[in-house]
Amino acid sequence: MAIADRLLALVTSAAEELFEQLRIDPAPLSMVSIDEPAVAQHGDYASNAALVLAKTLAQPPRHIAEILAQRLRQDVLVDAIEVAGPGFLNIWIAPWALAREVIALFNDGEEYFRTDLGRGATLQVEFVSANPTGPLHVGNGWLATYGDALSRLMAFVNYRVTKEYYVNDTGGQIRQLGASILAVRTGAQVPEGGYQGAYISELAARYEGSDDVVEAGNWAVPIILDLIRTTLDDLGIQMDSWFSQASIEESGAVADVVGELASRGAIYEREGALWFASESFGDSRDRVMRKSNGDFTYLAGDIAYHYNKLVVRGFSLVIDVFGADHHGQVASMMAAIRALGIDEGRLEIKLGQMVSLLDNGQAVKFSKRAGTAIPLDWLIEELGRDATRLLILSSSIDRASQIDLAQAKAQSMENPVFYIQYAHARISALLRNAVHQGVDMEVASIEALASCRHPREVALMKNLLRLGPVIVRAAEERAPHKIVGWLMGAASDFHGFYHDCPVLSAPPAERTARLTLARATQVALATALDLLGVAPLEEM
RNA sequence: GCCCCUGUAGCUCAGCGGAUAGAGCAGCUGCCUUCUAAGCAGUCGGUCGUAGGUUCGAGUCCUACCGGGGGCGCCA
């Protein structure tokens, strides 16, 4: 158990013992937390216990804090404890306790950080799902990387994850694709709303089929999907499943799900079309399911697809990762989930805000149809897989990001990858040197590591242990960028330690302890990097 | 008009309701005969969009307003 969790248990049980009132009404105890103060003078850990219990106990917070402090001081885990400010408990932890955790971390490796949030539940993450009408652009790469990192994170906390790409291989855009290829083949102008770009010319040159737009479109789809698969592969992303929209339409599942809605009284007919009464399930208006020409709408297909995911395949939880331009679909889909009697908590739709590109400060407009999109391949080639992933993952998808292509191309320090990778590479170099010098590589004892009291050493040890809680939080909030935040901090702590605390030239006992700390740091860094799908570097 | 996201240092962005709001880049100043200087330290730089509210405590939660992005098809 992590130190913060131990302390929390300690504080709450002490409060419960000392104050009878809390045995009758333990609810306020849930407000008690253990924090890590920003300032060293406020201790290794701090608790708000006295502050949040003051009202229930009808006593001044500082008085409560004094009573708690007196009891907690007797625990072996606690080195010192102070009451500060309005009633905070500032706790200094016994060095051996910190050292014991760091040794456990090193011995257990990444298993040390594992938690069982998911309890083995099945989770499907749907992401990318870009129309197979052209190469992926930078915006696709953003959400692809997010979806992949989120999948890794969720798998780490014990969800059984399936990564799926929904292939929109039917409908109007496929006809447009076919029409565009045919137009270029005959030297005519690409139709309004058609696709352009070098890849269309290449497809047109290779196409030997008929003048049927559907045939031409269907012929091109697998070729384009291969391009997409290769690009994803270059980004280190392998989907577990590619699910065809056409297959679900051909299976009759769309008609079935509309029938299911109808049997629940949620379908009516008007002007020759079948409508889903989605407004009464929370949508802003009703939606057409089957057009008056007899075709089902995209939404109807999408509902059938989600029915397939949640009911037919029965995933416990489904997370859709969409661009913010799909926002309009969310209310309709959730309405359908409710109308079908499915627990709406089983579907989460994460909307990634748009990514805008700047080139030397000037906005770059991009559009797949106009052929002016910035290809994802280009970005990966310029930056490399790891730098691309880390650049993308360093900020939240809730915010519209801007990247400057000129800066990205320069591989400047805008990208945190160098700072983080350097820390890992430095440790690798340290270990190589140690082996070369014939240094004893045994693991330090808890006592030896506990005697490392340099502020740099203590700060590093404490930060290493934070990774566990950070992973939990990142998974709960579906926010892999929090892992990058931890990595930056841990790298910073390591660089500081490395600068101020010589390892190999230290006396043997201290050398072993510091080497153990460095190796534990490497384990933690590698664990975090692996969650992001970024390879740790042995040297730079 | 309605819905979603967002507004934090010159720039790009972090920041569970906790104490004195951070990092990287850019600027300035120190530190390599010493385990990788892609590093470390210092410095400059902030009315956390505005105004109310909830709270012992608000950058964080609520409301309104202002600014930015996206969405509101018998397209997909």
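Throughout, a chain's letter reflects where its sequence line sits, starting with A, and its residues are numbered from 1. We use all heavy atoms of the structure for the numbers below, so side chains are in, but hydrogens, waters and symmetry mates are not.
Contacts of A/Asp325 with the nucleic acid, taken as non-hydrogen atoms under 4.0 Å apart, involve only primed sugar atoms and P, OP1 or OP2. Heavy atoms of A/Ser396 sit under 4.0 angstrom from primed sugar atoms or phosphate atoms, though from no base atom. Backbone-only contact: A/Gly172 has heavy atoms under 4.0 Å from sugar-phosphate atoms and none from a base. Within 4.0 Å of A/Ala425, counting heavy atoms only, lies at least one base atom of the nucleic acid. Nucleic acid contact for A/Glu539: base, since at least one base atom lies under 4.0 Å from a heavy atom of the residue. Among the atoms of the strands shown, none is found under 4.0 Å from any heavy atom of A/Glu36. Using a 4.0 Å heavy-atom criterion, one finds that A/Ser395 contacts the sugar-phosphate atoms exclusively. Within the 4.0 angstrom heavy-atom criterion, base atoms lie near A/Asn90. Contact annotation for A/Ala46: base contact, defined as any heavy-atom pair under 4.0 Å involving a base atom. Looking at heavy-atom distances under 4.0 Å, A/Gln437 makes no contact with the nucleic acid at all. Heavy atoms of A/Gln329 sit under 4.0 angstrom from at least one base atom. Within the 4.0 angstrom heavy-atom criterion, no nucleotide atom of any strand lies near A/Ala54.
Listed nucleotides B/A14, B/U20, B/C5 differ in distance to A/Gln353; the shortest reach to its side chain belongs to B/C5. The side chain of A/Phe418 lies closest to B/A38 when the candidates are B/A38, B/C13, B/G73. Of the candidates B/G71, B/G39, B/A19, the closest approach to any side-chain atom of A/His495 belongs to B/G39. The side chain of A/Lys291 has B/C75 as its nearest neighbour among B/U36, B/C75, B/C5. Side-chain atoms of A/Gln402 lie closest to B/C13 of the nucleotides B/G39, B/G15, B/C13. In the set B/G39, B/A76, B/A14, B/A76 carries the atom at the smallest distance from any side-chain atom of A/Asn131.
For A/His327 and A/Phe322, the distance between ring centers is not under 6.0 angstrom. Between A/Phe243 and A/Tyr165, the ring center distance fails the sub-6.0 Å criterion. Residues A/His454 and A/Phe497 keep their aromatic ring centres 6.0 Å or farther apart.
Taking only side-chain nitrogens and oxygens, A/Asn433 comes nearer than 4.0 Å to OP1 or OP2 of B/U36. Between A/Lys55 and B/U55 there is no side-chain N or O to OP1 or OP2 distance below 4.0 Å. OP1 or OP2 of B/C74 has at least one side-chain nitrogen or oxygen of A/Arg285 nearer than 4.0 Å. An OP1 or OP2 oxygen of B/A14 is reached within less than 4.0 angstrom by no side-chain nitrogen or oxygen of A/Lys482. OP1 or OP2 of B/A41 lies within a sub-4.0 Å distance of a side-chain N or O belonging to A/Arg456. Contact annotation: A/Arg399 reaches the phosphate of B/G7 (side-chain N/O to OP1 or OP2, under 4.0 Å). Checking the phosphate oxygens (OP1, OP2) of B/C40, a side-chain nitrogen or oxygen of A/Tyr419 falls inside 4.0 Å. The shortest distance between the side-chain N/O atoms of A/His326 and the OP1/OP2 oxygens of B/C4 is not below 4.0 Å.
You won't find any donor-acceptor pair under 3.5 Å spanning the side chain of A/Ser284 and the base of B/C3, going by distance alone. Remark: the A/His327 side chain and the B/C3 base include a donor-acceptor N/O pair separated by less than 3.5 Å. A donor-acceptor contact under 3.5 angstrom links the side-chain atoms of A/Asp35 to the base of B/C16.
For A/His306 and A/Asp320, the side-chain atoms include at least one donor-acceptor pair closer than 3.5 Å.
Only the P atoms considered, B/C5 is 10 Å distant from B/C62, to the nearest whole Å. Remark: the separation of the C1' atoms in B/C44 and B/C28 is 7 Å, to the nearest Å.
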With pairs defined as Watson-Crick or G-U wobble and both distances under 3.5 angstrom, please note down RNA chain B as a dot-bracket string, | for pairing with another strand. (((((((..((((....[...)))).(((((.......))))).....(((((..]....))))))))))))....
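A salt bridge does not link A/Lys309 to A/Glu164: none of the charged side-chain nitrogens sits closer than 4.0 Å to a carboxylate oxygen. Using a cutoff of 4.0 Å between basic side-chain nitrogens and carboxylate oxygens, A/Glu279 and A/Arg285 are not scored as salt-bridged.
Proximity of A/Val52 to A/Ser33: side-chain heavy atoms (C-beta onward) are nowhere separated by under 4.5 Å.
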